[in-house]
Amino acid sequence: MDFKGQVAMITGGARGIGRSIAAQLAKQGADLVIADVSEETAGEASRELADLGVRTMAVRLDVSRSEEVSKAFEAVMKEWGRLDILVNNAGITKDGLVLRMKEEDWDAVININLKGVFLCSKEAVKVMVKQKYGRIVNIASVVAFMGNPGQVNYSASKAGIVGLTKTVAREYASRGVTVNAVAPGFISTAMTDALAENVRQEMLKSIPVGAFGTVDDVANAVCFLAAREAGYITGQVVHVNGGMYM
Ligand code: NAP
């Protein structure tokens, strides 16, 4: 893959899976916009990723707030005048069984995970349609397909992303803009590392390849879909889950 001369914006790009996606894109030449809710961590990530030899900029935004999203995209266009790749990665969890889930926890997860993807995609599409080129990759989850007790808000938000992906893909396919999703399974992060050993072993039994995924496994799939060469793939979900859902 060669992303030289292309600008990629990664929401929630300061850490975790988003940070790995940013690094992989940069290693293949993409200039980076690290868009994150914390100005400090976005700035830190942006400075560190510049060591990979690409241009980087940090923008602070809460993806669920339309004014902040608009301003962030304006800043990118003012600075670099184009946007080729948007990775909608920012996401949160606020778990609880449906009977105990607070309305505010439902709203927070839907607003950041789903409305955030809508708001950022809307801004990106405006730019990409003018350029007659763009790649949008949305980060969903295996729980959109399997459900998961305690994650009614999260699984609904991720299932919503799948519908949104297919619709925006259909709307802009003829304008050079592809829209796809990556659905990770259990990925080794600080969250899974903190699990008790017996819980980890139980989870591993449900994964045919017998291991948790890595952030790079997700980033590789994102890079594939973000490439110019993937132009005939749109409205699809790539599952990165070691076979736990087929
Ligand atoms: P993470 O480590 O918590 O990182 C998420 C990033 O998003 C953080 O930098 C966070 O900033 C930022 N963020 C949170 N709320 C935001 C907002 N309103 N606006 C902008 N940025 C915001 O999460 P992750 O594990 O890397 O997950 C990344 C994506 O993959 C998420 O969409 C998640 O649902 C999905 N996913 C993860 C797994 C997994 O096993 N980890 C599995 C399936 C899907 P702060 O840290 O400052 O809050």
Side-chain angles (χ1 to χ4, degrees), residues 9-24 32-46 48-49 58-73 86-95 105 107-120 123 137-148 151 153-162 164-165 181-195 199-200 203-204 206-207 211-219 221-222 237-242 244-245:
M9 176 168 178
I10 302 98
T11 69
R15 65 187 184 94
I17 292 172
R19 170 71 176 254
S20 172
I21 294 168
Q24 295 267 23
L32 299 176
V33 182
I34 303 299
D36 213 289
V37 71
S38 152
E39 194 165 2
E40 200 184 330
T41 56
E44 262 171 38
S46 166
E48 286 170 19
L49 288 160
V59 289
R60 199 214 80 84
L61 87 171
D62 175 341
V63 292
S64 65
R65 295 179 176 270
S66 57
E67 272 181 27
E68 293 184 16
V69 171
S70 298
K71 280 193 186 140
F73 278 80
L86 168 66
V87 184
N88 282 308
N89 163 81
I92 61 163
T93 52
K94 284 191 184 287
D95 297 350
D105 290 344
D107 288 344
V109 169
I110 297 293
N111 282 340
I112 292 173
N113 295 13
L114 183 56
K115 184 180 166 193
V117 175
F118 158 66
L119 292 174
C120 292
E123 293 295 332
V137 184
N138 300 321
I139 307 301
S141 167
V142 70
V143 305
F145 300 87
M146 298 178 70
N148 199 23
Q151 292 200 308
N153 49 359
Y154 183 78
S155 58
S157 72
K158 296 298 186 179
I161 286 177
V162 174
L164 180 155
T165 297
V182 170
F186 288 121
I187 303 303
S188 254
T189 57
M191 185 184 76
T192 42
D193 292 347
L195 293 171
V199 178
R200 283 170 60 85
M203 283 162 82
L204 281 173
S206 67
I207 307 173
F212 291 123
T214 66
V215 289
D216 286 345
D217 290 327
V218 180
V222 172
V237 180
V238 174
H239 293 270
V240 180
N241 60 32
M244 70 179 286
Y245 172 82

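Numbering of ligands and ligand atoms starts at 1, following listing order. Computation of the quantities below employed the complete heavy-atom set of this structure, encompassing side-chain atoms and omitting hydrogens, waters and symmetry-equivalent molecules. In this text, all values refer to a predicted model and were calculated from it rather than measured experimentally.
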- Message: Under 4.0 Å between a side-chain nitrogen and a carboxylate oxygen: does that hold for Glu40 and Arg60?
- Response: no

- Task: May I ask which of Ile187, Ile92, Val215 has a heavy atom nearer to atom 15 (N) of ligand 1 than the others do?
- Result: Ile92

- Close side-chain approach of Val182 to Val237, heavy-atom, < 4.5 Å: no

- Message: Could you work out, for atom 18 (N) of ligand 1, the closest of Ile34, Val87, Asp62 by heavy-atom distance?
- Response: Asp62

- Message: Looking at every heavy atom in both Ile161 and Asn113, which two are closest together, and how far apart are they?
- Response: CD1-O, 3.3 Å

- Query: Heavy atoms only: which of Val240, Ile17, Asn89, Thr189 is nearest to atom 29 (C) of ligand 1?
  - Reply: Asn89

- Assess Lys158 for proximity to ligand 1: is some non-hydrogen atom of it under 4.0 Å away? yes

- Would you say Thr11 touches ligand 1, if touching means a heavy atom closer than 4.0 Å? no

- Gly16-ligand 1 polar pair, N/O distance under 3.5 Å: no

- By salt bridge (charged side-chain N to carboxylate O under 4.0 Å, His left out) - contacts of Glu39 (at least two apart): none

- Has ligand 1 got any nitrogen or oxygen that is less than 3.5 angstrom from a nitrogen or oxygen of Val63? yes

- Message: Need the ligand 1 atom indices (1-based, order shown) with element for anything under 4.0 Å from a heavy-atom of Ser141.
- Response: 43 (C), 44 (C)

- Message: Checking side-chain polar atoms at under 3.5 Å, does Thr93 have a donor or acceptor matched by the opposite partner on Gln151?
- Response: no

- Query: Do we see a donor-acceptor contact under 3.5 Å between the side chains of Thr11 and Asn89?
  - Reply: no

- Query: For ligand 1, which atoms sit closer than 4.0 Å to a heavy atom of Ile139?
  - Reply: 29 (C), 30 (O), 35 (C)

- Item | Proximal atoms of ligand 1 relative to Ala140 (non-hydrogen, under 4.0 Å) | 44 (C)

- Output the list of atoms in ligand 1 that are nearer than 4.0 Å to some heavy atom of Ile112, sorted by atom number. 18 (N)

- Leu61 neighbourhood, listing ligand 1 atoms whose heavy-atom distance to it stays under 4.0 Å: 19 (N), 20 (C)

- Message: When you measure from the heavy atoms of Gly185 to every atom of ligand 1, does any distance fall below 4.0 Å?
- Response: yes

- Query: Mind checking whether Ala42 has a heavy atom under 4.0 Å from ligand 1?
  - Reply: no

- Less than 3.5 Å between some nitrogen or oxygen of Asp36 and one of ligand 1, yes or no? yes

- Side-chain H-bond candidate by donor/acceptor type, Ser20 with Asp216, under 3.5 Å: yes

- Query: Which of these passes side-chain contact (heavy atoms from CB on, under 4.5 Å) with Asn138: Val117, Val87, Val222?
  - Reply: Val117

- What do you reckon, does Arg15 have a nitrogen or oxygen under 3.5 Å from a nitrogen or oxygen of ligand 1? yes

- Task: Write down the atom of Ser64, the atom of Lys115, and the distance for their closest heavy-atom approach.
- Result: O-NZ, 3.7 Å

- Query: By number and element, which atoms of ligand 1 are closer than 4.0 Å to a non-hydrogen atom of Ala90?
  - Reply: 7 (O), 20 (C), 21 (N), 22 (C), 32 (O)

- Message: Measuring from atom CG of Leu32 to atom CD1 of Ile21, what distance do you get when rounded to the nearest 0.5 angstrom?
- Response: 11.5 Å

- Query: Do the rings of His239 and Tyr245 sit parallel, tilted or perpendicular, given the 30° and 60° boundaries?
  - Reply: tilted

- Query: Touching ligand 1 at all, Tyr154? Heavy atoms, strictly under 4.0 Å?
  - Reply: yes

